[in-house]
Every structure is written in C-alpha cells, then in structure tokens.
Asks: 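Sharing a structure, written as structure tokens. Questions coming.
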Amino acid sequence: MGSFAGGGLPPDDVVVTALRAGDETMFAALLDTWSGGMLRVARSYVSTDHSAEEVVQDTWLAVIGGIDAFESRSSVKTWVYRILINAAKKRGARESRTLPWSSFEHDGAAEEGRGLDEVPPGGRQEPPVAWPTPESEALASEVRGLIAEGLARLPPRQRTVITLRDVEGCTSEEVCEILEISAANQRVLLHRARTAVRGWLADYFESVKQPE
Amino acid sequence: MKRFTCDELAGLVTAYLEDALDRPDLDGVRTHLATCEGCERYVEQFRATVVALGDPPPEKLPADVRSRLMSAFRERRRL
Ligand SMILES: [Zn+2]
C-alpha cells in the first residue's frame, strides 16, 4: 500500500495545531509516514539518491519554517508535496545543466493535446497472454524490482503522476492540485504510464513462462 | 451507445477504471468487455498492474537526515 494511503494521521487541523505547538511526536509521525513517498517522487526529477534525500530534507525544513504561516487553502499533504515538487524541479534543472540528463522537459506540452483514444506505445497486443498468479514471494519481489526499474525509465511527468497515484495512493484531485494540471491531462499521463508498466510486466511474464 | 475496437478500448481503460466515461462510452466499453475475452483480460492485467505498483520496495530517510530534521523542528520552538 502507499505509505500514506489512510496513513493513520489525524485530521489536518489537529496536525497543524500540534506542529505549531512544537509536538515532536506529530512531526516524527509526518516524517515517517510521508518521507518514503516523497523520496520516490523526488527521484522523478533528480538523478541520485543523495539529491533526492536533499530535496526531501529541504522540503521538511521549508515545512518547519512555514507551518505558522500555513493557510488551510489546501490540505497539509498537498502543501508539502507542492513544496517538494518545486524543490525537486529546481534541483533537477540545476543538475541537467551539469549532467547529460535532460529528458525532463521532453514529455511536457506535447502530452497535453493527445486524446485518450490514441493507443500508446506498449499498448494492446492481440490477444494478451494470461499472467501467472504471483503466489511465490520470489516472483512478487522480482515484479517489484522490475517496476522500480521501469518507473525510472518513464518520462518525468508520467513517473510523477503514476508514483503519486498508484504507488502513494493519492486521489486524482490531489494529484491535479499538487502538479497544477487538469483532470484530463492527469488521466492521459497516468494512462500512458500504466500502459507502459503493464507492457513491461507482460513481457516479463512472457519471458518466464514455462513451455507448455 | 458507442462501438469500440480492441485498440480503442485499450486507450480507455484508465478512464473506465476512474469512472470518467460518459454514459454512451461506458455502455460501449461494458458491451465490448462482455463479449471480448482479450480485452477483459487486458483490463484485469491493468488492475493487477495498479495493485503491483501499490506494493513498492520500502523506502525511508537515512537516520542522520531524520535526526537532523528532528532537531531542526525542536530548535524552531526556541526562536
Ligand atoms: Zn476487445
């Protein structure tokens, strides 16, 4: 499950009041509930583990500094994630100037106008082959690894959307607010990303299939 | 009601799973799925993919970063 799907955190007003009062237990709870997901999202924009950790650290420092001024126009989660995305984008842009890595802008505007009815790469093959039930832990963990590697190859916007939605369990409304995109655009990015991941899983299951 | 080819249907799976289709499209998708085993399987695999995505390897902040942040939070109260 996503690290904060449900999460067990109290409602926002309780969280905000506690943080303002210096409640360390509450801060630790937020830190431990959200940081894993924040690292995953940060990785969509930056190239190393270290950079992702710094982005998450800077985000929390901004949260600590900003909590007194926080106005409940958005949820705390959305607020934190927007800070994260901005920090990660900045960091990513700085890296792309010094590193041979600049796929960041490539899935931008071009994505917007495309209809949902277009078949994305890796789409429907005729007919899809049945998948085994991943009963064994070994298979499940291979699948996890495969997905993690695959996500790293997605264009950043698709990766961010699928990570927020399917890995972290955010709602589509939350994702639209965090990324400031329309519902339709969110769906296109999500669909492309899911189609790609399904395609990799299909290839994988095909490759491990026992000959009949 | 709309009629969809298998390729068209594949493009609608996320919208279908998100409940974002209008009535004629939804009816078209349901009718297609009721009669097309391949697409039914495809949609099942889409769902399975979403489930698998929701079970990622664990990820957490390194201990030193976490303790730095905890002290930053503590110090803020003394300002
Ligand atoms: Zn079909």
Side-chain angles (χ1 to χ4, degrees), chain A residues 1-3 5 19 21-22 24 27-28 31-32 35-40 53-54 56-57 60-61 64-65 67 115-120 123-124 126-131 134 140-141 143-145 147-148 151 162-163 165-169 172 183-184 187-188 190-191 194-195 197-198 201-202, chain B residues 2-22 25 28-29 32-33 36-79:
Chain A
M1 277 284 88
S3 55
L19 291 182
E24 285 179 39
F27 184 67
L31 209 53
D32 295 337
S35 292
M38 290 164 71
L39 283 168
R40 292 193 189 96
E53 284 157 13
E54 280 199 353
V56 172
Q57 174 180 290
W60 283 118
L61 291 173
I64 293 170
I67 189 66
L116 283 168
D117 52 356
E118 184 188 331
V119 185
R124 177 85 157 79
E126 288 283 337
V129 177
W131 290 358
S141 107
V143 165
R144 266 197 292 272
I147 289 177
L151 290 181
I162 199 172
T163 301
R165 282 296 310 276
D166 291 343
V167 185
E168 298 308 322
S172 55
R187 206 176 308 121
V188 172
L190 181 63
H191 186 67
R194 283 176 173 175
T195 300
V197 177
R198 195 216 67 92
L201 291 181
Chain B
K2 290 227 187 102
R3 293 190 162 275
F4 296 113
T5 65
C6 295
D7 276 352
E8 287 167 341
L9 195 122
L12 292 169
V13 179
T14 294
Y16 171 64
L17 296 177
E18 305 258 289
D19 264 330
L21 293 175
D22 61 24
D25 282 2
V29 167
H32 185 112
L33 289 178
C36 178
E37 219 176 296
C39 283
E40 198 195 357
R41 181 177 282 172
Y42 187 82
V43 170
E44 273 323 300
Q45 292 179 349
F46 233 79
R47 288 190 217 267
T49 300
V50 174
V51 170
L53 279 160
D55 181 27
E59 176 107 64
K60 59 190 237 185
L61 274 185
D64 60 323
V65 177
R66 187 183 183 280
S67 67
R68 216 176 299 143
L69 287 168
M70 285 307 296
S71 26
F73 182 73
R74 234 169 272 134
E75 275 154 31
R76 161 188 174 268
R77 305 317 307 173
R78 287 196 225 105
L79 295 178

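Note that the coordinates shown come from a computational prediction; the quantities given were computed from them, not determined experimentally. A note on names: the letters A, B, ... follow the listed sequences, proteins ahead of strands, and every chain is numbered from 1.
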Asks: Between B:V51 and A:D166, is there a side-chain heavy-atom distance shorter than 4.5 Å?
Replies: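 In short, these two side chains do not touch, never coming nearer than 4.5 Å.
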Asks: Show your reasoning for whether side-chain contact (heavy atoms from CB on, under 4.5 Å) applies to B:K60 and A:S35.
Replies: CA-CA 6 Å; B:K60 59 190 237 185; A:S35 292; over 6 Å; no
Asks: With a 4.5 Å heavy-atom cut-off, do B:R47 and A:R194 have their side chains touching?
Replies: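 Not touching, per the 4.5 Å side-chain cut-off.
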Asks: Could you go through A:E53 and B:R66, starting from their C-alpha distance and side-chain angles, then the distance that decides it, and tell me whether this counts as salt bridge (charged side-chain N to carboxylate O under 4.0 Å, His left out)?
Replies: CA-CA 10 Å; A:E53 284 157 13; B:R66 187 183 183 280; over 6 Å; no
Asks: If you apply the rule ring pair (Phe, Tyr, Trp, His ring centres under 6.0 Å), what do you find for B:F46 with A:H191, and how did you get there?
Replies: CA-CA 10 Å; B:F46 233 79; A:H191 186 67; 5.5 Å; yes
Asks: Nearest heavy-atom pair of B:F73 and A:L19: which atoms, and what distance?
Replies: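 Scanning both residues completely, I find the closest heavy atoms to be CZ-O, 3.6 Å.
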Asks: For the atom pair CD1 (A:I147) and CG (B:L53), what is the distance rounded to the nearest 0.5 Å?
Replies: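 Interatomic distance, A:I147 CD1 to B:L53 CG, rounded to 0.5 Å: 4.5 Å.
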Asks: Hey, are the side chains of A:R144 and B:P56 touching, using non-hydrogen atoms and a 4.5 Å cut-off?
Replies: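 They are not in contact (no side-chain heavy atoms under 4.5 Å apart), so the answer is no.
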Asks: With a 4.5 angstrom heavy-atom cut-off, is it the side chain or the backbone of A:A183 that approaches chain B, or both, or neither?
Replies: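 For A:A183, there is no contact with chain B at all, as no heavy atom is under 4.5 Å.
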Asks: Counting only N and O atoms by type, is there a donor-acceptor contact under 3.5 Å from the side chain of B:E44 to the main-chain atoms of A:A130?
Replies: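 No: the side chain of B:E44 does not pair with the backbone of A:A130.
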Asks: Which bit of A:S141 is near chain B, if near means a heavy-atom gap under 4.5 Å: side chain, backbone, both or neither?
Replies: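 Neither part, no heavy atoms under 4.5 Å.
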Asks: State whether the side chain of B:R41 and the backbone N or O of A:P128 hold a donor-acceptor pair below 3.5 Å, judged by distance alone.
Replies: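 Checked: pair present.
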Asks: Within the 4.5 Å heavy-atom criterion, are B:L61 and A:Q57 side-chain neighbours or not?
Replies: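 No, too far: nothing below the 4.5 Å cut-off.
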Asks: Which pair of heavy atoms, one from A:W131 and one from B:T49, lies closest together, and at what distance?
Replies: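 Here A:W131 and B:T49 meet closest at CH2-OG1, 3.6 Å.
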Asks: Tell me, do B:R76 and A:I67 make a side-chain contact under 4.5 Å, heavy atoms counted?
Replies: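 Contact flag for B:R76/A:I67 side chains = yes.
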Asks: Please flag which part of B:V13 lies under 4.5 Å from any non-hydrogen atom of chain A: side chain, backbone, both or neither.
Replies: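 It is both, since atoms from each part get that close.
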Asks: Kindly indicate whether the side chain of B:V65, heavy atoms from C-beta on, has any atom under 4.5 Å from the side chain of A:W60.
Replies: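 Sidechains of A:W60 and B:V65: no contact.
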Asks: What is the distance from atom CZ of A:R187 to atom CG of B:L12, rounded to the nearest 0.5 Å?
Replies: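 One finds 10.5 Å between CZ of A:R187 and CG of B:L12.
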Asks: Using a cut-off of under 4.5 Å for heavy-atom pairs, which of A:V56, A:L31, A:L39 has the most such pairs with chain B?
Replies: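 Top count of heavy-atom pairs under 4.5 Å with chain B: A:L39.
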Asks: Can you name the closest pair of heavy atoms from B:M70 and A:E24 and give their distance?
Replies: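 Taking every non-hydrogen atom into account, CE-O, 3.6 Å.
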Asks: I want to check something: taking the side chain as every heavy atom from C-beta on, are A:L201 and B:Q45 in contact at a cut-off of under 4.5 Å?
Replies: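 No. Closest side-chain heavy atoms not under 4.5 Å.
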